[in-house]
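Notes for the one structure printed next.
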Amino acid sequence: MINTNIKSSHFKIENLFKSIFSDIPNTSIILNDTSIIIQHEDESNSDAASIEISEIGNTYKITYWDGYSLAEEEESNNLVKSLKIFKRFSKKLAKNLIRFNKKP
């Protein structure tokens, strides 16, 4: 089966989430037909870190927010390229959550 939209990629993205975020507490994934959001649930930050991939027509928009000041956004017409960007942003988010959520 060829993945042609976000909905058909849910299984692949769920596995990505499990592999990257399994050891990071307070993270969740929201799967919709046209978007997927991975977010950190932080009570001390009302605008906590997140990554989102959205399908708008034939374009995929990938947004990264670190929860403080850094926002990145990329767009692509290619789902495979978009999923690679989403994976890169996911790894970046996981790395930052591990680094900044360590208790002294």
Side-chain angles (χ1 to χ4, degrees):
M1 182 172 105
I2 297 173
N3 291 343
T4 56
N5 59 30
I6 288 178
K7 186 174 181 179
S8 64
S9 302
H10 279 185
F11 183 72
K12 183 177 183 177
I13 294 173
E14 278 183 296
N15 286 337
L16 173 77
F17 174 78
K18 290 174 187 175
S19 70
I20 294 175
F21 294 94
S22 64
D23 295 333
I24 302 172
N26 302 323
T27 55
S28 63
I29 186 168
I30 301 168
L31 302 163
N32 296 311
D33 289 350
T34 59
S35 70
I36 297 174
I37 302 168
I38 296 175
Q39 60 190 9
H40 182 241
E41 296 157 4
D42 184 357
E43 292 179 12
S44 65
N45 185 349
S46 62
D47 195 15
S50 66
I51 310 161
E52 180 176 4
I53 183 169
S54 303
E55 183 177 351
I56 305 163
N58 292 331
T59 303
Y60 302 94
K61 180 177 171 183
I62 307 96
T63 308
Y64 170 83
W65 169 247
D66 74 350
Y68 299 100
S69 63
L70 179 65
E72 292 183 52
E73 187 174 286
E74 294 193 32
E75 288 187 9
S76 176
N77 294 334
N78 183 315
L79 179 61
V80 173
K81 181 179 177 185
S82 299
L83 292 174
K84 285 181 182 180
I85 295 166
F86 188 78
K87 182 177 182 178
R88 185 182 78 221
F89 284 169
S90 296
K91 288 180 178 181
K92 185 176 184 175
L93 177 63
K95 182 179 174 183
N96 285 337
L97 290 175
I98 290 167
R99 180 184 307 154
F100 296 115
N101 288 318
K102 286 186 179 179
K103 302 293 181 202

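Excluded from the calculations below are hydrogen atoms, water molecules and symmetry mates; all remaining heavy atoms, backbone and side chain alike, are included. The first residue of the sequence shown is numbered 1, and numbering continues consecutively from there.
Rounding to the nearest 0.5 Å gives a distance of 9.0 Å between CG of N77 and OH of Y60. To the nearest 0.5 Å, the span separating CG on L83 from CG on N78 amounts to 9.0 Å. One distance of note links CD1 of I51 with CD1 of I20; it measures 7.5 Å at 0.5 Å rounding. Here the straight-line distance linking atom CG of N5 with atom CG of N58 works out to 11.0 Å at 0.5 Å rounding. Atom NE2 in H40 sits 8.5 Å away from atom CG in L93 (nearest 0.5 Å). Here the straight-line distance linking atom NZ of K87 with atom CD1 of I62 works out to 14.5 Å at 0.5 Å rounding.
Within 6.0 Å of the CG atom in N15, the count of heavy atoms belonging to other residues, nucleotides or ligands exceeds 12. With a 6.0 Å radius and a threshold of 12 heavy atoms from other residues, nucleotides or ligands, K61 has its NZ atom at or below the threshold.
W65 approaches A71 most closely through the heavy-atom pair CE3-CB, 3.7 Å. Across all non-hydrogen atoms, the minimal contact from I6 to I53 is CD1-O, 3.8 Å.
Transitive grouping of hydrophobic side chains (ILVMFWY, heavy atoms separated by less than 4.5 Å) brings I98 and Y64 into a common cluster.
Using a distance-only test at 3.5 Å, with no hydrogens or angles considered, a donor-acceptor pair links the side chain of H10 to the main chain of N32.
In this view, E52 and S35, I37, S54 satisfy the side-chain contact (heavy atoms from CB on, under 4.5 Å) rule, not counting sequence neighbours.
A donor-acceptor contact closer than 3.5 angstrom is absent between the side chains of Y68 and N96.
You'll find the side chain of F17 stays beyond 4.5 Å of the side chain of I36, heavy atoms only. By the 4.5 Å heavy-atom criterion applied to side chains, I85 and F89 are counted as neighbours.
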| task | Would you check, one step at a time, whether the test side chain to side chain contact (heavy atoms under 4.5 Å, CB included) holds for F21 with I29? | result | CA-CA 10 Å; F21 294 94; I29 186 168; over 6 Å; no
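Checked options L31, L16, L79, V80; the residue passing with S9 is L79 (criterion: side-chain contact (heavy atoms from CB on, under 4.5 Å)).
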